[in-house]
Amino acid sequence: MATSAVLPARALDSELDSDKAREIYGPCAACHGEFGAGGKKGEYPRIAGQSAKYLEQQLKAFQNQVRVNLPMYPYTKERELPDEDMKLVSAYLAQIVLPTRQPVFKDSDDALTRLLAMEKVMIVPRAEGDVDNGRAVYQKNCAACHGKAGKGRGMFPMLVGQYTSYLKKQIDAYLRADRPHDEEGARDGVLHTLKGSDIQDALAYLTAIQEAE
């Protein structure tokens, strides 16, 4: 089991069983990282900071194979992950804050302190594209669900701070109807109305506004 994560900037809710939450999350950290930042340049997505409702919804989708993902199946189905554990680990991940700026160290900070602080930093590289056009595309087509700043809303996930390669992969899955979107797999939904260049520009915009957090 991976080393237990320590929340970097926000304390766990006093009613949350943090020890149990870390135990549940332990096997997940092998792919998603100790702090839920994902890894392998987006092969494994960032899950820290996503809304608890969205995370729980996706865990159930993996378990019921509404969203097909073979690597996730053993963690949600074969473990027989109960609903209460899904709720707990989702709440735990939702409260993890990943800084988008390099930390400022004191001279007295030792090497371990510096290393741990750097491991919590999550900065997605700038994506190529027309940021101004991306802003217009995003605000017109995406902001109503994902929020004006891309931080998600309710059942809709946070997009800002997510790996661009992962977002591209999910967009392709939506367009192929391999993953259900808000239009229930319809092929005339909002993503189908956008040109590929507009989608790329929107992704560039999301990486640009990340730096303003």
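Atoms considered below: every heavy atom in the structure, side chains included; atoms not considered: hydrogens, waters and symmetry mates.
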From Leu59 atom CG to Lys77 atom NZ, the distance as rounded to the nearest 0.5 Å: 13.5 Å
Are Leu55 and Met122 connected, step by step, through hydrophobic side chains (Ile, Leu, Val, Met, Phe, Trp, Tyr) whose heavy atoms are closer than 4.5 Å? yes
Would you confirm whether Gln162, through its side chain, and Pro45, through its main-chain N or O, come within 3.5 Å as a donor-acceptor pair? no
Indicate yes or no: at least one non-hydrogen side-chain atom of Pro103 is less than 4.5 angstrom from one of Met118. yes
Student check: side-chain heavy atoms of Asp85 and Lys20 closer than 4.5 Å: yes
For Ser51 and Gly154, indicate whether the former's side chain and the latter's backbone hold a donor-acceptor pair under 3.5 Å. yes
Could you tell me whether Leu70 atom CG has more than 12 heavy atoms of other residues or ligands within 6.0 Å of it? no
Among Leu167, Ile171, Asn141, Asp172, exactly one meets side-chain contact (heavy atoms from CB on, under 4.5 Å) together with Ile199. Which residue is that? Ile171
Distance col, row Glu56:CD vs Leu93:CG, nearest 0.5 angstrom, shows 12.0 Å
Determine whether Lys169 and Tyr163 make a side-chain contact, defined as any pair of heavy atoms from C-beta on separated by less than 4.5 Å. no
Spacing of CG belonging to Leu194 relative to NE2 belonging to His192, to within rounding of 0.5 Å: 10.0 Å
Assess the residue pair Ile209 and Arg135 against the criterion (side chain to side chain contact (heavy atoms under 4.5 Å, CB included)); give the C-alpha distance rounded to whole Å, side-chain angles, the decisive distance to 0.1 Å, and a yes or no. CA-CA 9 Å; Ile209 62 175; Arg135 179 186 297 108; 5.9 Å; no
Below 4.5 Å, heavy atoms only, C-beta onward: do Val131 and Arg126 meet side chain to side chain? yes
Tyr205 meets the side-chain hydrogen bond (donor to acceptor under 3.5 Å, both in side chains) criterion, sequence neighbours left out, with Gln139
Taking Asp130 for its side chain and Asp201 for its backbone only, find out whether a donor-acceptor pair lies under 3.5 Å. no
Gln50 side-chain N/O to Met158 backbone N/O, donor-acceptor pair under 3.5 Å: yes
Heavy-atom distance under 4.5 Å between the side chains of His146 and Tyr138, does that happen here? yes
Would a single hydrophobic cluster contain both Tyr44 and Tyr54, if residues Ile, Leu, Val, Met, Phe, Trp and Tyr are joined by side-chain heavy-atom contacts under 4.5 Å? no
Criterion side-chain contact (heavy atoms from CB on, under 4.5 Å) against Leu203, the qualifying member of Leu159, Thr164, Val124: Thr164
Nearest 0.5 Å, please: how far is NZ in Lys60 from NZ in Lys87? 5.0 Å
Verify, without hydrogens or angle tests, whether Arg114 (side chain) and Asp109 (backbone) share a donor-acceptor contact under 3.5 angstrom. yes
Can you tell me how far CZ of Phe62 sits from OG1 of Thr76, rounded to the nearest 0.5 angstrom? 7.5 Å
For a 4.5 angstrom cut-off between non-hydrogen side-chain atoms, does Met72 reach Arg67? no
Please tell me whether Phe35 and Leu16 are part of a single hydrophobic cluster in this structure, the criterion being side-chain heavy atoms less than 4.5 Å apart. yes
Between the main-chain N or O of Lys41 and the side-chain N or O of Ser165, is there a donor-acceptor pair closer than 3.5 Å? yes
Drop me the distance from Tyr92's OH to Asp17's CG, to the nearest 0.5 angstrom. 12.0 Å
Just by modelled atom types, is the Ala91 backbone N or O under 3.5 Å from a matching donor or acceptor in the Gln95 side chain? yes
Could you walk me through whether His32 and Tyr25 pass the side chain to side chain contact (heavy atoms under 4.5 Å, CB included) check? CA-CA 10 Å; His32 292 284; Tyr25 180 70; 3.5 Å; yes
